[in-house]
Amino acid sequence: MKKLCLGIESTAHTFSVGILDFEGNIYSLINDVFIPEEGGLHPGLVREQHLNNFMKIINRALSEAKISIKEIDLIAFSQSPGLGPVLKIGAWVARMLSQLVDIPIVGVNHCIAHVEIGRLKCNIKDPLSLYVSGGNTIVSAFESERYQIFGETLDLAIGNMIDSFSRDAGLSHPGGPKIEKLALESKNYIPLPYVVKGMDLSFSGLYTSAKYLLQSKDYCKKYNLNDIAYSLQETAFGMLTEVTERALAHTEKKEVLLTGGVAANKRLQSMIEYISKEHDARFEVVPLRYAGDNGAMIGWVGILRYKAEGGHSISGTIINPKERMDQITIPWRS
Ligand code: ATP
Ligand code: FE2
């Protein structure tokens with residue numbers, strides 16, 4: 001009988017359950033995504049949706065994998081980083097299941113999970129990773145026993161910035177795919193703030209300037225929404241590419257991994273692929289089902305940690321909303 005892990009993702013808008021075996025074969029993955037009617041993510045509303053739906057999602061994942069909860073050998077959950085009230089739901093559900101079935105429990109750092117599922121799914125060994133999502137923008141690689149952060153955003157995350165702009169432009173959530181489509185209709189670049197500080201990025205000035213363009217008297221006269229979408233993408237993705245390339249030159253990694261929800265963007269993919277080729281590095285994009293938030297990636301890191309050092313005690317499963325990926329030991333790669 002293969003050993004099985006049930007992984008629970010609950011850091012932000014997605015409550016997701018993945019079931020996989022200890023070799024990394026995934027048997028089921030069910031997502032429930034909170035979509036705000038207006039504005040950004042309200043932690044209280046997200047928490048309510050997750051609280052209402054978690055048992056349904058777990059049951060659907062078990063039934064798709066054709067197993068009962070008694071056949072699960074390990075529970076993994078996202079312990080950090082994320083929205084406190086939302087992280088607590090996943091932690092609470094995981095503790096309950098672990099005690100109910102009397103099986104070990106492992107807490108997982110969400111950012112590390114994005115990278116590790118990429119290593120598994122793309123069959124890649126030691127990449128430089130660009131992790132771009134609604135809540136994160138991180139360039140990282142494994143060095144000196146840790147996932148070191150070489151560059152990150154100083155303010156807004158790239159996905160959040162694009163979603164906020166598209167909301168201002170009257171588009172529905174999520175804005176990323178809509179902005180990508182509009183950008184394809186333009187080649188008219190409007191200069192916008194390009195802010196790279198050392199190895200870090202800042203998107204707030206870019207966001208404000210793009211928003212002002214929507215309010216300007218020239219809007220719909222000298223330029224249109226397609227032009228702003230194009231300019232916003234070219235500027236933001238240019239910044240991401242610059243930092244990724246510099247980290248690649250510094251680390252001399254021979255693989256580059258693009259992950260997170262924004263990895264779906266074809267223009268970003270082509271820019272990162274270009275610099276990867278320039279540095280003779282293999283380029284991989286995590287398959288979209290596993291690039292966004294998902295319970296399978298949490299389950300996989302739970303398995304890696306459990307195999308290396310066993311499970312966590314219940315007191316070791318307290319959530320940590322601000323924990324960075326470079327604070328975490330990685331015994332399975334040491
Ligand atoms: P995290 O918790 O890791 O920060 P998340 O909660 O934002 O992740 P993801 O599914 O990883 O969830 O990413 C969602 C983001 O991806 C949204 O900001 C969305 O607009 C963006 N996105 C999705 N598709 C595209 C695309 N084609 N181009 C640009 N952005 C995209
Ligand atoms: Fe994520």
Side-chain angles (χ1 to χ4, degrees), residues 7-16 18 29 31-36 39-43 46 49-50 77-87 89-90 108-118 129-138 140 152-153 156-169 171-184 203 207 229-230 232-237 240 257-272 285-298 300-301 319 321-325:
I8 299 171
E9 157 59 25
S10 167
T11 59
H13 55 39
T14 305
F15 189 91
S16 171
L29 177 57
N31 297 344
D32 181 56
V33 183
F34 174 87
I35 301 195
L41 278 193
H42 187 299
V46 184
Q49 173 159 328
H50 293 351
F77 72 101
S78 48
Q79 187 171 16
S80 66
L83 304 171
V86 184
L87 280 168
I89 305 297
V108 167
N109 175 281
H110 175 97
C111 305
I112 288 174
H114 272 290
V115 173
E116 286 296 348
I117 196 75
S129 302
L130 173 60
Y131 161 35
V132 274
S133 65
N136 290 284
T137 309
I138 298 177
S140 71
E152 62 192 313
T153 182
L156 300 174
I158 175 74
N160 183 16
M161 188 275 285
I162 296 177
D163 291 342
S164 301
F165 169 78
S166 50
R167 245 192 328 268
D168 298 333
L171 305 170
S172 61
H173 187 84
K178 287 148 204 148
I179 295 295
E180 176 174 25
K181 217 166 150 206
L182 295 175
L184 288 173
F203 292 111
Y207 165 64
Y230 171 71
L232 186 74
Q233 278 203 168
E234 291 302 300
T235 310
F237 296 168
L240 290 169
L257 186 71
L258 182 57
T259 188
V262 184
N265 191 289
K266 293 276 188 301
R267 178 63 181 142
L268 179 62
Q269 289 178 12
S270 77
M271 285 173 150
I272 302 297
V285 185
V286 177
L288 292 185
R289 188 165 153 75
Y290 301 108
D293 290 353
N294 70 88
M297 70 181 190
I298 301 297
W300 179 234
V301 176
I319 60 156
K322 297 257 179 257
E323 190 171 53
R324 291 163 60 84
M325 70 197 295

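Sequential numbering from 1 along the given sequence is applied to the chain's residues. Both counts, for ligands and for their atoms, begin at 1 and track the order of listing. Quick note: numbers below take in every heavy atom, side chains included, and nothing from hydrogens, waters or symmetry partners.
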Protein N/O/S neighbour count - the Fe ion (ligand 2), strictly under 2.8 Å: 3
Just verifying a value: how many Å separate N294 CG and N31 CG, rounded to the nearest 0.5 Å? 6.5 Å
Side-chain donor/acceptor of H110 to backbone N/O of Q79, under 3.5 Å: no
Got a second to check how far I179's CD1 is from N265's CG, nearest 0.5 Å? 10.5 Å
With S16, which of I298, L29, D293 fulfils side chain to side chain contact (heavy atoms under 4.5 Å, CB included)? L29
Polar side-chain atom of T14 near backbone of V33 as donor-acceptor pair, under 3.5 Å: no
Could you tell me the separation between the CG atom of L130 and the OG1 atom of T137, rounded to the nearest 0.5 Å? 8.0 Å
What's the verdict on side chain to side chain contact (heavy atoms under 4.5 Å, CB included) for H50 and S10, showing C-alpha distance, side-chain angles and the deciding distance? CA-CA 8 Å; H50 293 351; S10 167; 4.1 Å; yes
Relative to the ring of H13, is the ring of H173 parallel (under 30°), tilted (30 to 60°) or perpendicular (over 60°)? perpendicular
Which N/O atoms of ligand 1 sit under 3.5 Å from a protein N/O, and at what distances?
residue: ligand 1; atom: 2 (O); partner: H110; partner atom: NE2; Å: 3.4
residue: ligand 1; atom: 2 (O); partner: D293; partner atom: OD2; Å: 3.0
residue: ligand 1; atom: 3 (O); partner: H110; partner atom: NE2; Å: 3.0
residue: ligand 1; atom: 3 (O); partner: H114; partner atom: NE2; Å: 3.4
residue: ligand 1; atom: 3 (O); partner: Y131; partner atom: OH; Å: 2.4
residue: ligand 1; atom: 3 (O); partner: S133; partner atom: OG; Å: 3.1
residue: ligand 1; atom: 3 (O); partner: D293; partner atom: OD1; Å: 3.2
residue: ligand 1; atom: 4 (O); partner: S133; partner atom: OG; Å: 2.6
residue: ligand 1; atom: 4 (O); partner: G135; partner atom: N; Å: 2.7
residue: ligand 1; atom: 4 (O); partner: N136; partner atom: ND2; Å: 3.2
residue: ligand 1; atom: 6 (O); partner: H13; partner atom: NE2; Å: 3.2
residue: ligand 1; atom: 6 (O); partner: D293; partner atom: OD2; Å: 3.0
residue: ligand 1; atom: 7 (O); partner: G134; partner atom: N; Å: 2.6
residue: ligand 1; atom: 8 (O); partner: D293; partner atom: OD1; Å: 3.2
residue: ligand 1; atom: 8 (O); partner: D293; partner atom: OD2; Å: 3.2
residue: ligand 1; atom: 11 (O); partner: G261; partner atom: N; Å: 3.0
residue: ligand 1; atom: 12 (O); partner: H13; partner atom: NE2; Å: 3.4
residue: ligand 1; atom: 18 (O); partner: G159; partner atom: O; Å: 3.4
residue: ligand 1; atom: 18 (O); partner: D163; partner atom: OD2; Å: 2.7
residue: ligand 1; atom: 20 (O); partner: D163; partner atom: OD1; Å: 2.7
residue: ligand 1; atom: 20 (O); partner: G176; partner atom: N; Å: 3.1
residue: ligand 1; atom: 27 (N); partner: E180; partner atom: OE1; Å: 2.8
residue: ligand 1; atom: 28 (N); partner: N265; partner atom: ND2; Å: 3.0

Output for pair (I138 CD1, I158 CD1), nearest 0.5 Å, gives 13.5 Å
